[in-house]
A.B. asks: 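After the structure tokens below, expect a handful of questions from me.
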Amino acid sequence: MPEGPSIVILKEQAYSFKGKKILEATGNTTLIDKALLVNQKIVECKSWGKHFLICLPKLTLRIHFMLFGSYSINEQTKPNPRLSLQFAGGKALHFYACSVRMITEDLDEIYDWSGDVMNESWNPSKARKKLKAIPDTLVCDTLLDQAIFAGVGNIIKNEVLFRIRVHPESKVGKLPPRKLAELIKEARLYSFNFLEWKKAFELRKHWLAYTKKICPRCNIPFIKVPHQGKTKRRAFYCGNCQLLYR
DNA sequence: TGGAATGTTGGAAC
DNA sequence: CGTTCCAACATTCC
């Protein structure tokens with residue numbers, strides 16, 4: 001559930017709770033004072049990268065699903081929610097196995113919306129500038145850097161690199177300008193494809209690289225690296241058609 | 001059925 | 001003192 005597009009889906013589902021008052025807040029979270037939430041109205045629902053944000057008049061709830069987190073709407077589908085918010089008419093939001101935090105600062109001070117690949121104010125030139133500053137970093141690590149590509153996760157990383165035919169262990173500073181531009185463009189483009197496929201419950205069938213064994217372009221076995229780069233995440237790539245720049 | 005995985009943090013270690 | 005490494009968190013699937 002964790003990559004950026006999935007959080008956008010949640011945000012859109014949560015829009016129907018805007019203007020509704022929290023009647024009760026329960027759950028096993030210890031990091032927030034649940035009493036502060038009661039009788040507060042949801043003013044807005046936002047997302048930044050993998051963060052889901054529920055805005056109340058005086059504070060914002062930040063939900064991060066980590067690796068295992070999940071949610072359900074209205075019906076509680078699992079035991080021991082981390083946080084449950086009850087509304088009138090039996091409506092509810094339930095969050096499981098996630099990190100819940102309270103934000104009291106102005107969101108615009110904390111979040112650079114232009115760094116979120118799913119955001120309408122996504123700024124490719126800023127991403128390019130950030131990448132130029134870290135030329136020796138492996139591209140696989142740059143895609144997972146939330147300060148550059150907020151919302152991109154390991155599935156998107158593998159798919160983007162396959163699409164643009166770049167070996168994950170290429171140094172970002174060695175990419176020709178056109179490839180660098182492609183990297184930035186595809187990070188956003190693929191994320192929106194991911195969003196549409198996920199909405200249609202057909203995400204997996206569109207995977208070309210992630211968890212795949214054979215390269216669909218070359219028909220030869222993919223290389224699988226269990227813990228690649230500084231981020232130590234799974235990599236699936238073709239040693240033939242994904243070029244190594246170094 | 002043990003191990004690994006769509007992720008991040010915080011503190012130890014160097 | 002800055003950087004790097006690793007355990008911890010906690011659920012689901014194969």
Side-chain angles (χ1 to χ4, degrees), chain A residues 1-11 13 27-32 47-53 60-72 76-84 94-103 110-112 115-118 133-163 168 186-213 222-237:
Chain A
M1 126 118 271
E3 300 197 30
S6 302
I7 305 302
V8 170
I9 292 172
L10 166 57
K11 173 177 70 175
Q13 290 175 329
N28 59 21
T29 176
T30 54
L31 288 179
I32 61 163
S47 63
W48 179 86
K50 299 164 189 169
H51 298 203
F52 173 52
L53 303 165
T60 298
L61 282 175
R62 193 210 75 174
I63 315 278
H64 195 298
F65 293 94
M66 314 303 284
L67 209 48
F68 313 124
S70 61
Y71 66 93
S72 65
Q76 184 187 321
T77 56
K78 295 176 183 187
N80 310 320
R82 179 77 75 248
L83 179 67
S84 283
H94 307 281
F95 302 101
Y96 314 93
C98 55
S99 150
V100 180
R101 274 170 47 179
M102 246 175 49
I103 298 174
I110 300 184
Y111 290 111
D112 174 10
D116 176 3
V117 295
M118 300 304 293
I134 49 165
D136 292 333
T137 306
L138 305 187
V139 283
C140 58
D141 290 329
T142 65
L143 275 168
L144 293 173
D145 187 338
Q146 301 299 296
I148 305 175
F149 296 106
V152 170
N154 205 34
I155 297 172
I156 298 175
K157 176 197 84 178
N158 278 285
E159 294 295 325
V160 165
L161 293 175
F162 177 73
R163 274 192 174 187
E186 279 299 330
R188 177 170 165 91
L189 196 56
Y190 184 82
S191 296
F192 277 91
N193 288 160
F194 184 122
L195 174 65
E196 293 314 312
W197 291 330
K198 179 100 185 173
K199 279 180 175 173
F201 305 102
E202 58 181 33
L203 179 63
R204 278 162 188 260
K205 94 174 183 202
H206 291 279
W207 287 346
L208 298 178
Y210 186 69
T211 71
K212 296 296 176 184
K213 292 189 162 53
F222 267 130
I223 297 165
K224 178 179 173 181
V225 180
H227 304 291
Q228 188 179 62
K230 215 150 67 166
T231 46
K232 292 189 162 51
R233 304 299 301 278
R234 284 206 296 179
F236 303 85
Y237 63 94

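First the proteins, then the strands, lettered A, B, ... as listed; each starts at 1. Keep in mind that this is a model prediction, so the values were computed, not measured.
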A.B. asks: With under 30° as parallel and over 60° as perpendicular, where do the rings of A/Phe65 and A/Phe95 fit, or are they tilted in between?
C.D. replies: tilted
A.B. asks: In whole Å, I'd like the distance from the CG atom of A/Asn154 to the P atom of B/dA4.
C.D. replies: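 Value for this atom pair: 15 Å.
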A.B. asks: Can you measure A/Trp48 atom CH2 to B/dG7 atom P for me and round it to whole angstrom units?
C.D. replies: 14 Å
A.B. asks: Taking atom P in both B/dT1 and C/dA10, compute the distance separating them and give it to the nearest angstrom.
C.D. replies: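 Result for the P pair: 24 Å, nearest Å.
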A.B. asks: Please list all pairs passing the salt bridge (charged side-chain N to carboxylate O under 4.0 Å, His left out) test where one or both residues lie in residues 203-212 of chain A, with sequence neighbours left out.
C.D. replies: A/Glu202-A/Lys205
A.B. asks: Output yes when at least one side-chain N/O atom of A/Gln146 is less than 4.0 Å from OP1 or OP2 of B/dG7, else no.
C.D. replies: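 The answer is no; no side-chain N or O of A/Gln146 sits under 4.0 Å from OP1 or OP2.
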A.B. asks: For nucleotides B/dG3 and C/dA7, find the distance between their P atoms and express it as a whole number of Å.
C.D. replies: 15 Å
A.B. asks: With side chains defined as the heavy atoms from C-beta onward, is the minimum distance between A/Pro5 and A/Glu196 less than 4.5 Å?
C.D. replies: no
A.B. asks: Please report the distance, rounded to the nearest Å, between CG in A/Leu67 and C1' in B/dA4.
C.D. replies: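 From A/Leu67 CG to B/dA4 C1': 9 Å.
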A.B. asks: Can you tell me if A/Ser6 uses its side chain to pair, donor with acceptor, with the backbone of A/Pro2 under 3.5 Å?
C.D. replies: no
A.B. asks: Show me, pair by pair, the donor-acceptor contacts under 3.5 angstrom made by side chains of residues 137-158 of chain A, not counting sequence neighbours?
C.D. replies:
| unit_1 | atom_1 | unit_2 | atom_2 | d |
| --- | --- | --- | --- | --- |
| A/Thr137 | OG1 | A/Ile134 | O | 3.3 |
| A/Asp141 | OD1 | A/Lys230 | N | 3.2 |
| A/Asp141 | OD1 | A/Thr231 | N | 3.0 |
| A/Asp141 | OD1 | A/Thr231 | OG1 | 2.4 |
| A/Asp141 | OD2 | A/Lys230 | N | 2.8 |
| A/Thr142 | OG1 | A/Val139 | O | 2.8 |
| A/Asp145 | OD1 | A/Ala147 | N | 2.9 |
| A/Gln146 | OE1 | A/Gly151 | N | 2.9 |
| A/Gln146 | NE2 | A/Leu144 | O | 3.1 |
| A/Gln146 | NE2 | A/Val152 | O | 3.0 |
| A/Asn154 | OD1 | A/Lys157 | NZ | 2.8 |
| A/Asn154 | ND2 | A/Arg234 | O | 3.2 |
| A/Lys157 | NZ | A/Arg234 | O | 3.2 |
| A/Asn158 | OD1 | A/Phe236 | N | 2.8 |
| A/Asn158 | ND2 | A/Asn154 | O | 2.8 |
| A/Asn158 | ND2 | A/Arg234 | O | 3.2 |

A.B. asks: So which one's nearest nucleotide on DNA chain B is more toward 5', A/Arg101 or A/Lys50?
C.D. replies: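 That would be A/Lys50.
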A.B. asks: Are there runs of at least three consecutive Watson-Crick or G-U pairs touching DNA chain B, with each pair's two distances under 3.5 angstrom? Give them by first number.
C.D. replies: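 Runs of three or more consecutive pairs: B:2-5 with C:11-14, B:7-14 with C:2-9.
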A.B. asks: Set out, line by line, the N/O atom pairs under 3.5 Å between protein and nucleotides 5-12 of chain C.
C.D. replies:
| unit_1 | atom_1 | unit_2 | atom_2 | d |
| --- | --- | --- | --- | --- |
| C/dT12 | OP1 | A/Lys78 | NZ | 2.5 |

A.B. asks: Can you tell me if the side-chain N/O atoms of A/Arg233 get under 4.0 Å from OP1 or OP2 in B/dA5?
C.D. replies: no
A.B. asks: Contact between A/Ser47 and A/Met118 at the side-chain level, heavy atoms closer than 4.5 Å - yes or no?
C.D. replies: no
A.B. asks: Starting from C1' on B/dG7, measure out to CZ on A/Arg62 and report it in whole angstrom.
C.D. replies: 11 Å
A.B. asks: Can you check the A/Lys212 NZ to B/dA5 P distance for me, whole Å?
C.D. replies: 17 Å
A.B. asks: What's the gap between B/dA4 and C/dC6 when it is taken at their P atoms, as a whole Å value?
C.D. replies: 15 Å
A.B. asks: Looking at residues at least two apart in the chain, or sitting in another chain, which of them share a side chain to side chain contact (heavy atoms under 4.5 Å, CB included) with A/Ile9?
C.D. replies: A/Gln13, A/Tyr71, A/Leu195, A/Lys198, A/Lys199
A.B. asks: Between the main-chain N or O of A/Tyr210 and the side-chain N or O of A/Glu159, is there a donor-acceptor pair closer than 3.5 Å?
C.D. replies: yes
A.B. asks: Taking OP1 and OP2 of B/dT6, is either one under 4.0 Å from a side-chain nitrogen or oxygen of A/Arg204?
C.D. replies: no
A.B. asks: When the distance from CZ of A/Phe236 to P of B/dA5 is rounded to whole Å, what number comes out?
C.D. replies: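 Atom CZ in A/Phe236 sits about 8 Å away from atom P in B/dA5.
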A.B. asks: Who are the side chain to side chain donor-acceptor pair (under 3.5 Å) partners of A/Thr29, not counting sequence neighbours?
C.D. replies: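 Side chain to side chain donor-acceptor pair (under 3.5 Å) check on A/Thr29 returns nothing, list empty.
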A.B. asks: Round to a whole Å and report the spacing from NE2 of A/His227 to C1' of B/dG7.
C.D. replies: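 Computing the A/His227:NE2 to B/dG7:C1' distance gives 14 Å.
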A.B. asks: Give the rounded distance in Å between these two atoms: CD of A/Gln228 and P of B/dA5.
C.D. replies: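 Checked: the CD to P distance equals 13 Å.
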